[in-house]
There are 2 protein chains.
Amino acid sequence: MTRRNDGTTRVTIADVAARAGVSLSTVSRALNGNPTVDPALAERVKDAAAALDYTASPVARSLVLGRTQTVAVVVPDLGNPTFQEVLRGLSRAAAADDYHVLVADSAESVDEERVLAGTTRRRTDGVILCAPRLPQDELDRLVGGLRPVVLINRTAGEAPSVRADYRSALTAELELLHELGHRRIVYLAGAPRSVANAARLAAIAEFVAEHPDTEVAEIPCGVDFESGASAGAAVLASGATAALAFNDLVAMGLLSAVQESGCRIPADLSIIGFDDIPFARYTTPPLTTAAVPAAELGAQAWARMRELLEGAEPGEPLTLLPELTVRGSTGPAA
Amino acid sequence: MTRRNDGTTRVTIADVAARAGVSLSTVSRALNGNPTVDPALAERVKDAAAALDYTASPVARSLVLGRTQTVAVVVPDLGNPTFQEVLRGLSRAAAADDYHVLVADSAESVDEERVLAGTTRRRTDGVILCAPRLPQDELDRLVGGLRPVVLINRTAGEAPSVRADYRSALTAELELLHELGHRRIVYLAGAPRSVANAARLAAIAEFVAEHPDTEVAEIPCGVDFESGASAGAAVLASGATAALAFNDLVAMGLLSAVQESGCRIPADLSIIGFDDIPFARYTTPPLTTAAVPAAELGAQAWARMRELLEGAEPGEPLTLLPELTVRGSTGPAA
DNA sequence: CTGTTAGCGCTTTCAG
DNA sequence: CTGAAAGCGCTAACAG
């Protein structure tokens with residue numbers, strides 16, 4: 001074992017070389033499976049390494065090889081079920097390819113999204129960016145300096161992106177409500193400046209244009225339980241027969257709040273969510289929603305990143321269509 | 001910009017030195033705030049660095065400094081709300097101290113727990129280990145080679161640990177049920193060999209010994225929704241007036257299943273969970289549970305790790321007491 | 001106060 | 001097929 005000046009003692013490639021009676025380069029070659037080394041010698045080296053419980057320092061390798069075998073994932077909120085699923089799918093897919101994942105939570109802050117993307121990129125081989133708040137022009141600028149980068153639910157420049165088609169999915173939800181006879185609908189809006197909210201508003205605008213008999217009123221809300229619960233009174237006062245929530249969290253908050261006021265779901269009010277988070281099927285009644293394949297989104301994001309890492313051309317943006325999942329929280333209009 | 005043989009072009013400390021007309025060491029010193037450098041010179045260096053948009057390579061620094069400014073977190077399942085919260089609390093706490101977090105999901109596998117702990121440790125400065133499945137003797141052995149390491153919900157050797165007192169919390173839950181008049185209770189058990197399940201069984205055994213009038217039957221179950229839902233029939237058939245679920249997921253699955261069978265909660269059956277995951281308060285009726293401060297657990301785990309990193313002595317194991325949170329899913333026995 | 005030099009631990013030409 | 005030597009980008013003695 002090599003003793004170092006700080007007193008620490010660590011097994012290095014030199015120790016293996018000494019024990020096997022070969023040079024450093026031979027150890028390196030043998031351990032990396034380089035076929036130019038004599039099989040018998042290679043065996044001897046591997047034995048020595050095993051005996052010393054040696055593994056090459058990832059940091060030293062990273063420096064010389066120029067790659068860290070690690071990718072960064074920047075998400076807006078680790079507390080949000082959707083990003084948790086994305087992270088989970090991504091993490092498992094990357095692990096299957098022997099890559100590690102550095103996570104960073106930007107705490108819903110635009111500044112953090114920008115800064116973290118840069119700082120995490122420097123210590124990894126690429127960054128998978130989930131930055132819903134960052135203005136488009138900033139994103140465009142940022143992406144250039146970050147390559148390789150994969151975007152989730154956004155597009156910018158040449159960067160590969162994987163996204164869920166929020167707009168089409170929302171249209172499907174609106175059509176479901178319309179078929180059920182709902183003509184007065186309220187939409188509980190998310191963060192005003194977010195891309196996700198814009199997509200939903202676009203779908204609504206289009207739908208209303210095509211269905212003049214239907215009115216969709218917007219209620220400013222938020223993205224979490226509390227926001228949904230707080231909007232309960234406004235929803236009941238609106239006289240609408242159906243409420244379309246920005247996401248499942250909002251829908252569940254609303255569900256909980258209006259039921260406490262004696263409102264029956266779906267008899268008095270239909271509620272529809274978005275995302276199909278794991279809990280959506282366990283509410284009472286179970287929540288109708290659009291199933292965003294978040295884990296799959298994460299896995300696909302990794303697949304894209306791996307392509308980039310292997311030097312492939314950035315593929316076409318991948319779009320997954322959330323699947324309308326009808327459960328008990330929606331029914332015919334009163 | 002330094003051109004390298006692979007065609008890449010990257011700004012190095014040499015470029016900054018050249019532009020500022022000083023040596024590499026001066027750049028290093030100036031940029032690291034070393035006070036032995038002339039203020040005017042330091043300014044010049046910083047300007048040069050800014051002009052070139054230079055930041056020192058974290059990998060190179062890691063190699064020479066012997067620290068990566070990164071810690072690893074190994075969790076059994078990124079899909080489990082409790083670990084998600086732990087990760088979130090940890091991630092934010094570490095970020096506040098300018099540390100990065102490498103996550104690894106062991107996919108509930110003992111082998112993975114063991115392997116990941118080692119591989120992630122090598123590329124970080126320490127590991128925070130959440131390994132509920134690993135047998136104690138293996139954990140003891142592992143921890144020695146991993147230092148610095150912080151354990152979550154386990155103890156081993158000298159390693160600092162932060163844990164929730166599952167046992168006391170479960171006792172509190174049992175007492176609540178007893179006060180409500182419940183004498184026939186079923187316990188939906190978690191993974192048989194897990195530490196968490198053992199703690200609950202210990203609390204139950206103790207409680208039963210002290211309350212001979214009360215019977216607590218164990219039903220093998222699991223740790224997720226589906227398990228809880230599947231156990232519904234068995235719970236109803238047991239004739240118990242209250243069900244104690246291994247965790248909130250199980251409780252929610254059960255809640256959902258028995259309600260579909262027409263069972264009224266809490267009139268016909270009281271249900272009590274464990275963890276107080278974010279959704280627990282939004283079920284119908286809201287779930288009585290013990291609030292495990294998971295995010296706080298994560299933050300405290302980081303605090304311990306930071307102490308170790310700063311060379312402090314490992315402190316006493318920290319134990320947080322989950323708080324009994326009474327909501328609508330419990331009521332007087334029928 | 002600043003520059004020169006020697007590594008951190010490893011991989012990879014380049015010679016033999 | 002193997003070894004010596006250079007160097008990844010940076011910091012930290014060690015001299016001046």
Side-chain angles (χ1 to χ4, degrees), chain A residues 1-46 48-49 52-69 122-125, chain B residues 1-46 48-49 52-69 122-125:
Chain A
M1 274 195 283
T2 305
R3 276 170 211 91
R4 303 183 304 184
N5 19 1
D6 64 349
T8 321
T9 185
R10 195 166 292 293
V11 183
T12 78
I13 195 172
D15 300 307
V16 180
R19 186 176 231 266
V22 296
S23 73
L24 305 190
S25 358
T26 299
V27 175
S28 175
R29 286 191 275 247
L31 264 27
N32 288 313
N34 186 323
T36 74
V37 54
D38 181 276
L41 234 192
E43 198 55 35
R44 186 145 56 93
V45 170
K46 284 176 186 167
L52 294 172
D53 195 25
Y54 169 81
T55 320
S57 153
V59 177
R61 301 196 80 219
S62 294
L63 181 60
V64 63
L65 295 177
R67 63 186 154 76
T68 59
Q69 208 76 336
R122 298 228 54 201
R123 39 187 81 235
T124 58
D125 300 340
Chain B
M1 276 196 283
T2 305
R3 276 170 211 92
R4 303 184 304 184
N5 19 359
D6 65 349
T8 322
T9 186
R10 196 165 292 294
V11 183
T12 80
I13 195 173
D15 301 308
V16 180
R19 186 177 231 264
V22 296
S23 73
L24 306 189
S25 6
T26 299
V27 175
S28 175
R29 286 191 275 250
L31 263 28
N32 288 311
N34 187 321
T36 72
V37 53
D38 181 278
L41 233 193
E43 197 56 36
R44 187 144 56 92
V45 170
K46 285 175 184 165
L52 295 171
D53 194 24
Y54 168 81
T55 320
S57 152
V59 177
R61 300 195 81 221
S62 294
L63 183 60
V64 65
L65 294 176
R67 60 184 157 78
T68 60
Q69 208 76 333
R122 299 226 54 202
R123 38 187 81 237
T124 58
D125 300 341

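In what follows, every chain begins at residue 1, and chains take the letters A, B, ... in the order their sequences are listed.
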Starting at [atom1] of [X] and ending at [atom2] of [N], how long is that distance when rounded to a whole Å?
{"X": "N34(A)", "N": "dT13(C)", "atom1": "CG", "atom2": "P", "result": "11 Å"}
{"X": "D15(A)", "N": "dC10(C)", "atom1": "CG", "atom2": "P", "result": "9 Å"}
{"X": "L31(A)", "N": "dT11(C)", "atom1": "CG", "atom2": "P", "result": "8 Å"}
{"X": "R44(A)", "N": "dC1(D)", "atom1": "CZ", "atom2": "P", "result": "15 Å"}
{"X": "R123(A)", "N": "dC10(D)", "atom1": "CZ", "atom2": "P", "result": "13 Å"}
{"X": "N32(B)", "N": "dC10(D)", "atom1": "CG", "atom2": "P", "result": "11 Å"}
{"X": "R122(A)", "N": "dC10(D)", "atom1": "CZ", "atom2": "C1'", "result": "12 Å"}

Quick check for you: among [options], whose closest atom lies nearest to any side-chain atom of [X]?
{"X": "R61(A)", "options": "dT4(C), dT11(C), dT12(C)", "result": "dT11(C)"}
{"X": "Y54(A)", "options": "dC10(C), dC10(D), dG9(C)", "result": "dC10(C)"}
{"X": "I13(A)", "options": "dC8(C), dT11(C), dG3(C)", "result": "dT11(C)"}
{"X": "S25(B)", "options": "dG3(C), dT2(C), dT11(D)", "result": "dG3(C)"}
{"X": "T36(B)", "options": "dT2(D), dT2(C), dC8(C)", "result": "dT2(C)"}
{"X": "L24(A)", "options": "dT2(C), dT11(C), dT2(D)", "result": "dT11(C)"}
{"X": "T12(A)", "options": "dT11(D), dG9(C), dT11(C)", "result": "dG9(C)"}

Residue met sooner reading DNA chain C from 5', once P39(B) and V64(B) are mapped to nucleotides: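 Looking at DNA chain C, the more 5' nearest nucleotide goes with P39(B).
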
Are the side chain of [X] and the backbone of [Y] linked by a donor-acceptor contact shorter than 3.5 Å?
{"X": "S28(A)", "Y": "L24(A)", "value": "no"}
{"X": "N32(B)", "Y": "N34(B)", "value": "no"}
{"X": "S62(B)", "Y": "P58(B)", "value": "yes"}

Touch check for [X], heavy atoms < 4.0 angstrom, all strands: base, sugar-phosphate only, or nothing?
{"X": "V59(A)", "result": "nothing"}
{"X": "T26(B)", "result": "sugar-phosphate"}
{"X": "L63(A)", "result": "base"}
{"X": "S57(B)", "result": "sugar-phosphate"}

So, for [X] and [Y], which heavy atoms are closest and what is the spacing to 0.1 Å?
{"X": "R122(A)", "Y": "S57(B)", "result": "NH2-CA, 3.9 Å"}
{"X": "L41(A)", "Y": "T26(A)", "result": "CD1-CG2, 4.1 Å"}
{"X": "A42(A)", "Y": "A30(A)", "result": "CA-CB, 4.0 Å"}

Position toward the 5' end of DNA chain D (nearest nucleotide), R29(B) or A60(B):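 Nearest nucleotide further toward 5': that of A60(B).
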
Under 3.5 Å donor-acceptor pair, S28(B) side-chain atoms to dA12(D) base atoms: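 Answer no: no donor N or O sits under 3.5 Å from an acceptor.
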
